[in-house]
Amino acid sequence: MSDGHNRQELGYYESCRIQPVEVHMAGKKKEITLQSAVLNQEQWDVMMAVTGLIVVDVYQAWCGPCKTVISLFRKIKNELGDNRLHFAVAEADLIDTLQKYRGKCEPTFLFYGGGKLVTVVRGANAPLLQKSIIEQLGAEKRVLDEGAERKVIKDEGLVEEDEREVMVLEDNEEEVLVTANKSYTVAIIKPDAVAHGKADEIIMKIQEAGFEILAHEERTLTEEETRDFYQHKVEESHFEELIRFMSSGSCRILILSRPVGTDDVIPSWREFIGPTDVEVAKQEKPESLRALYGTENVFNAVHGSDDKGQASRELAFFFPNFGVSPDLQHQVQQDKKVQKTLAIIRPDVLKEKKDDILQKIREAGFMISLQKEVVLTEKQVYEFYSEHTQKEYFPALLQSMTSGPVLALALASTDAVERWRRLLGPNDVNQAKEELPESLRAQFAVDTVPINQLHGSGTPQDAEKELKFFFSMEHTLAVIKPDAVDEHRDEIVKKIEEAGFVISQSDEKSLSREMAEEFYKEHKGKPFFDQLVDYMSEGPSLMMILSKENAVEEWRNLMGPTDPDEAKQTAPDSLRAKFAKDILKNALHGSSDQIQATEKIHFVFGDINIGADGIVQGIEPDLEKVMSPESRDEPEDTELEAEFVETTEKAAADTEAPVDLPIDSSQNTVNETSQKSLSHESTEKEMLDDSPLTSETIRAAEKATANSETPADSATDSSQSTMNESSQKSLSHESAEK
């Protein structure tokens, strides 16, 4: 290639601000640029001046670039080794040239030579993409080397698509575009297949079988999400095993369709994956995906929707914006902070109709981001409904709200407050039945109860206030350890902020050996203790208070398993998978429960107060004056942290239940006595090997709990950001119960 071409392409890459794709090959950590990111029309124009063939993955903001083709493109690039072959990704909404491609849910690959369109491939069809790349690269070489004529095309598919029959359905006054002659389904490549490196192989087989992959994302489900998704299987004997398995590692979630004029995708996909039971699949359908990649009934490699109804619910669960109009997609992209609202299912319908109501919520496109089942006292109901206490219906409301557990939900979507209120219908049950019989309050009315059975926040301001009543902010201590501070500080902080945490306080501190011994006093006497102390005192660490709903559990999930090798297998997107060196130097520390978070925050930052907004006030302690372990009056036996558990013990602390699971209502009657009792239960739950609580541990738990009750905006009790001090105390057991 000429020097002019080199200078030209250098200018292109600098202008496009390439975002490299990290590729790790054959044990080497080698970062190469595979696809350049084109972020605006100017960069697009510069790219069009590059010599050679350019393959552009045109994507929509709501689904992102097509990940399934990256390994294929890398393989082709490595095999051909041709510097006149270029790959790029471009978001349609950002580039004027791509205006006609906005709102298209199907992956589209545009091939350009000399700035002119030479071919188009729709769908992540690996064989067709490979064939097209080889053919078009050869054609472009003949144009450049031999002066052959370049064959320029128009994208006829745009015309065909515009003329295709489309139905417009109204759903809560939003237009949803559904192609009349296409069906869709959700496919899941389960954690076992992903962990064994079979995901890309399965995806290739899916494409070769003629399925179109319209959207694709990698995702690790929380236990709560898994329970929501499989709630229809709750009565099956292997339900708990299924939940543990499906939340044990990352999955690949795909939307599948079939070309126009072919069979319905749902029965075709179920036929392709084979019977649920792996042994039956091996006997009856030996070429099916489950026969080839499954190991046993639960670990059967892939999931498929049973019917159209289930496919629709699963699409709403994983891809709530799939199929909506381009204008709404753009609105979703612009409104990056999705609105939340509070929903309450009252006791009279919770027991019998809970699953039906949750299904309606998911079908309406809401994401259930938090949920909590709790029994409210009369005092709490008076506080929550303070503006309604003089209304004639309040006695009936009070009786209903205290008659059993309520389920509080944080629902997330764009314009969530108004959409949820429209779905609920009128407050008056009789009016709802007459005017909007399809509304939820009409459908789930109880004839013997005069009030409606579902609550929704009236305004965004009410929603914020009410959500804090049930789901207050929690705080935890996070530490970036010395080696990771030197090498990855900015990257880790960025990941923390992207995960939605508020960094309420941070300070870079060098721990003396005495301070490190005190910080990890619970490990004194362990074989690794001296090595741990040496490591933590070898340089500065970044100490942070992280604030968020369910901060303790979510920070532990973001960190990933203690052992980085395990993290790479089961949680490849976790911070330890990316930045840890070994089980000792595993980059990060996090408190294992709220009691320990209280102690560690006070050790590092002193007696500070953190408000509901995460803002900190207080005086930082002088760590040089912290007492040594020998000088303490009473040693405290706290939980053995997961970071430095020996290899045979390391998994125990990573198998805790998610914070957001519904709480056992029998333990939820709010009073100060149950708070202490449940604090003990929380500590006991965290102990390794089910060891009994010692008297020292109980005293430590009581001490930490008492300390956390003192300030109204204390740094560590998640219940303390409720609306006033009395509700703080009465609801504080919920934090301990978590």
Side-chain angles (χ1 to χ4, degrees), residues 1-26 28 30-59 65-92 94-95 97-98 101 107-155 157:
M1 183 181 292
S2 69
D3 290 341
H5 288 156
N6 285 328
R7 285 194 299 273
Q8 184 184 43
E9 295 199 8
L10 178 61
Y12 155 61
Y13 289 132
E14 290 175 346
S15 173
C16 287
R17 301 177 189 174
I18 293 168
Q19 299 174 353
V21 175
E22 290 186 6
V23 180
H24 302 288
M25 303 169 58
K28 300 177 182 178
K30 181 181 179 182
E31 187 177 279
I32 65 172
T33 300
L34 180 65
Q35 294 172 297
S36 53
V38 185
L39 305 177
N40 54 47
Q41 184 63 40
E42 182 181 356
Q43 293 176 8
W44 177 272
D45 294 338
V46 173
M47 180 181 70
M48 288 297 104
V50 172
T51 301
L53 179 71
I54 306 167
V55 182
V56 185
D57 174 3
V58 179
Y59 68 92
C66 183
K67 296 180 182 179
T68 62
V69 300
I70 292 176
S71 58
L72 172 67
F73 288 172
R74 183 169 64 243
K75 174 177 176 288
I76 294 172
K77 184 76 172 176
N78 290 340
E79 289 179 353
L80 297 180
D82 198 307
N83 57 14
R84 287 184 284 190
L85 174 61
H86 313 281
F87 296 100
V89 294
E91 182 186 329
L94 300 180
I95 298 161
T97 301
L98 301 177
Y101 292 93
T108 302
F109 301 90
L110 305 181
F111 290 62
Y112 287 90
K116 305 296 183 183
L117 186 66
V118 293
T119 197
V120 178
V121 174
R122 283 185 168 77
N125 187 326
L128 181 57
L129 277 169
Q130 182 168 352
K131 178 183 177 184
S132 300
I133 291 171
I134 294 171
E135 288 180 353
Q136 294 301 326
L137 180 60
E140 188 62 21
K141 284 181 178 180
R142 288 191 292 274
V143 171
L144 297 173
D145 298 338
E146 303 170 12
E149 181 180 355
R150 181 181 290 112
K151 295 182 179 180
V152 179
I153 68 164
K154 290 184 178 180
D155 188 355

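Bear in mind that the values here come from a model prediction, so they are computed numbers and not experimental data.
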For the atom pair [atom1] ([X]) and [atom2] ([Y]), what is the distance rounded to the nearest 0.5 Å?
X      : Y      : atom1 : atom2 : result
Glu42  : Ile95  : CD    : CD1   : 12.0 Å
Tyr59  : Leu98  : OH    : CG    : 10.5 Å
Ile76  : Ser71  : CD1   : OG    : 9.5 Å
Gln136 : Thr119 : CD    : OG1   : 5.0 Å
Leu137 : Phe111 : CG    : CZ    : 10.5 Å
Thr97  : Gln41  : OG1   : CD    : 3.5 Å

### Query
Shortest non-hydrogen contact from Ala88 to Met47?
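Looking at all heavy atoms of both residues, the closest pair is CB-SD, 3.6 Å.
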### Query
Considering all heavy atoms of both residues, which atom of Asn83 and which atom of Lys77 are nearest to each other, and what is their separation?
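Smallest heavy-atom distance, with atoms named: CA-NZ, 4.5 Å.
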### Message
Pair Leu53, Leu85 - check side-chain contact (heavy atoms from CB on, under 4.5 Å), show working.
### Response
CA-CA 5 Å; Leu53 179 71; Leu85 174 61; 4.1 Å; yes
### Task
Indicate the ring-plane relationship of Phe73 and Phe87, choosing parallel, tilted or perpendicular according to the 30° and 60° boundaries.
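Aromatic pair Phe73/Phe87 classed parallel.
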### Task
Give the intermediate values and the outcome of side-chain contact (heavy atoms from CB on, under 4.5 Å) for residues Val118 and Glu135.
CA-CA 11 Å; Val118 293; Glu135 288 180 353; over 6 Å; no
### Task
Please check if the side chain of His86 supplies one atom and the backbone of Thr51 the other of a donor-acceptor pair under 3.5 Å.
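A pair under 3.5 Å: yes.
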### Message
Walk me through whether Val38 and Val56 qualify under side-chain contact (heavy atoms from CB on, under 4.5 Å).
### Response
CA-CA 9 Å; Val38 185; Val56 185; 5.9 Å; no
### Query
Would you say Arg122 and Asp155 make side-chain contact, with heavy atoms under 4.5 Å?
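Yes. Closest side-chain heavy atoms under 4.5 Å.
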### Task
List the steps, then state whether side-chain contact (heavy atoms from CB on, under 4.5 Å) holds for Arg84 with Asp145.
CA-CA 12 Å; Arg84 287 184 284 190; Asp145 298 338; 3.0 Å; yes
